[in-house]
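Here's the structure, in C-alpha cells; my notes come after.
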Protein chains: 2
Amino acid sequence: MEPDDEGSVLTQLRRGTLEYCVLAYLAQGPSYGQDIARALGSDPVLFGSEGTLYPLLTRLRRRRWVETTWQPSPAGPPRRYHALTDEGRAALRAFAQTWEPFRAGVDRLMKGAQ
Amino acid sequence: MEPDDEGSVLTQLRRGTLEYCVLAYLAQGPSYGQDIARALGSDPVLFGSEGTLYPLLTRLRRRRWVETTWQPSPAGPPRRYHALTDEGRAALRAFAQTWEPFRAGVDRLMKGAQ
DNA sequence: ACAAGGTACCGAGTGTCGCAAGGTACTTCA
DNA sequence: TGAAGTACCTTGCGACACTCGGTACCTTGT
C-alpha cells in the first residue's frame with residue numbers, strides 16, 4: 001500500500017486509540033463484535049475493517065479489560081457479549097489522561113504550522 | 001514491555017502523527033536533527049528518543065517532503081538542515097484535514113464514556 | 001429435505017513505524 | 001593527546017491495524 005495514501009494515514013492514527021475507542025463504546029453497555037463493528041464503523045474515521053476487531057477483542061480479554069459471555073441471538077448464531085471490567089474502566093481513564101495532553105500537543109503544533 | 005504501561009500507550013499514539021509533527025515544526029523554518037529533537041522533546045508527550053528521528057527524517061527525504069543541505073556549525077560537526085518542500089506543505093495540509101475529524105471522533109467517544 | 005444467504009466469530013501472514021542501544025565522526029579545550 | 005560535547009546514522013525488535021480467507025449457526029424458499 002502506498003505510504004502517502006490517505007487511508008494509511010488513518011491506519012497509523014488509529015494505532016493505539018482503536019482499542020480504547022472500543023473500550024469507550026463498551027462503557028455505554030455490553031455489546032458483541034458485529035454490533036461494535038457497525039457502531040464504530042458508522043464513523044468511518046475511527047474504524048477500518050472487521051478483521052481488525054476480533055484480534056483486538058481477544059487482546060482486551062487477555063488483559064482482563066473485558067469479560068465475555070455467550071448469549072443466544074434472536075436470529076442467527078450466538079453472540080459473544082463483551083462487558084467492561086473494573087480494570088478495563090481504569091485503563092480507559094488512564095488512556096483519557098494520556099490522550100488529552102497528546103491531542104493538545106498535536107493541535108498546538110498544527111495550529112502553529114499554518 | 002508491559003502492555004498497560006503508560007509509556008507504551010504514548011508510543012502507539014505517536015504512530016503516524018510524529019512525522020507530521022516534525023513537518024509542522026519545519027513549517028516554521030528549516031532546522032537540523034538535534035534541534036528538532038530538542039524542540040519536540042521539550043513537550044515530552046510528542047517525542048520519545050533520538051533514535052526515532054533519523055529514520056523518520058530519511059523517510060521524509062525519500063518522499064521529497066523535505067530537502068536537505070549541509071551547513072557548517074559554529075562549533076562542532078556540520079549540520080544537515082531540512083527544509084519543507086511544496087509537496088511537504090501539501091502533505092501537512094492533508095494530514096491536518098485527516099487529523100481534525102479523527103481527533104473529534106475520539107473526543108466524542110471519550111466524552112460519552114464517563 | 002436441502003441449498004442459499006445472512007449473521008457471527010476467528011486466525012495466519014504482512015507491513016509500518018516508534019524505540020532502545022550502539023556506533024562513527026568532527027570540533028574544542030584542558 | 002585525550003576527554004567532552006555535538007551531530008549524524010544503523011540494527012534489531014515489538015506492537016498492532018490490515019487483508020484475506022475460513023468456519024459455524026440459523027432462517028427461508030422451493
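By convention in this document, chain letters (A, B, ...) are assigned in the order of the sequence lines, proteins followed by strands, and residues within each chain are numbered from 1.
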Q | Verify same cluster id: B/Ile36, B/Phe95 (apolar side-chain graph, 4.5 Å) | A | yes

Q) Of the nucleotides D/dC9, D/dA17, C/dC9, which one has an atom closest to the side chain of B/Tyr54? A) D/dC9

Q: Determine whether A/Leu60 and A/Tyr54 fall in the same hydrophobic cluster, where Ile, Leu, Val, Met, Phe, Trp and Tyr are linked whenever their side-chain heavy atoms lie under 4.5 Å apart.
A: yes

Q) Does B/Arg15 have a side-chain nitrogen or oxygen under 4.0 Å from the phosphate oxygens OP1 or OP2 of C/dC19? A) no

Q: Return the nearest nucleotide to the side chain of A/Pro77; candidates are D/dA24, D/dA17, D/dT6.
A: D/dA24

Q) Looking only at side-chain N and O atoms, does A/Arg79 come under 4.0 Å of OP1 or OP2 in C/dA8? A) yes

Q.
Can you identify which nucleotide, out of C/dC17, D/dC18, C/dC10, has its nearest atom closest to the A/Arg61 side chain?
A. C/dC10

Q. Rounded to whole angstrom units, what separation is found between the OH atom of A/Tyr81 and the P atom of C/dT7?
A. 15 Å

Q: For B/Trp70 and C/dT27, give me the distance from atom CH2 to atom P, rounded to whole Å.
A: 12 Å

Q) When the distance from CD of A/Gln71 to P of C/dC9 is rounded to whole Å, what number comes out? A) 11 Å

Q) Nearest-Å distance, CG (B/Leu57) to C1' (C/dC17)? A) 14 Å

Q: Check the distance between C/dC19's C1' and B/Leu13's CG and give it to me in whole angstrom.
A: 15 Å

Q. How long is the span from the CG atom in A/Leu46 to the CG atom in A/Leu13, to the nearest 0.5 Å?
A. 10.5 Å

(Q) Heavy-atom nearest nucleotide on DNA chain C for A/Thr58 versus A/Ala75: which residue maps closer to 5'? (A) A/Ala75

Q: Could you identify which residues of residues 33-50 of chain B place a heavy atom less than 4.0 Å from some atom of DNA chain D, listed by residue number, or say none?
A: B/Gly33, B/Gln34, B/Arg38, B/Glu50

Q: Just say parallel, tilted or perpendicular for the rings of B/Trp65 and B/Tyr20, cut-offs at 30° and 60°.
A: tilted

Q: Select one nucleotide: of C/dC17, C/dA8, C/dC10, the one nearest the side-chain heavy atoms of A/Gln12.
A: C/dC17

Q) What salt bridge (Lys or Arg N to Asp or Glu O under 4.0 Å) pairs are there with at least one residue in residues 75-87 of chain B, not counting sequence neighbours? A) B/Asp86-B/Arg89

Q. Between A/Ser73 and C/dT7, is there a side-chain N or O to OP1/OP2 distance below 4.0 Å?
A. no

Q) Choosing from C/dC10, C/dC19, D/dC18, which nucleotide comes nearest the side chain of A/Arg80? A) C/dC10

Q.
So if I take every side-chain heavy atom of A/Leu56 and compare against C/dA8, D/dA17, D/dT10, which nucleotide ends up nearest?
A. D/dA17

**Q.** Transitive ILVMFWY side-chain link A/Leu92 to A/Leu56, under 4.5 Å
**A.** yes

Q: With sequence neighbours excluded, give me every salt bridge (Lys or Arg N to Asp or Glu O under 4.0 Å) pair touching residues 99-114 of chain B.
A: A/Asp43-B/Arg108, A/Arg103-B/Asp107, A/Asp107-B/Arg103, B/Glu100-B/Arg103, B/Arg103-B/Asp107

Q) For D/dA7, does either OP1 or OP2 sit under 4.0 Å from a side-chain N or O belonging to B/Tyr32? A) yes

Q: Report yes if a side-chain nitrogen or oxygen of A/Arg59 is closer than 4.0 Å to either non-bridging phosphate oxygen (OP1 or OP2) of D/dA17; otherwise report no.
A: yes

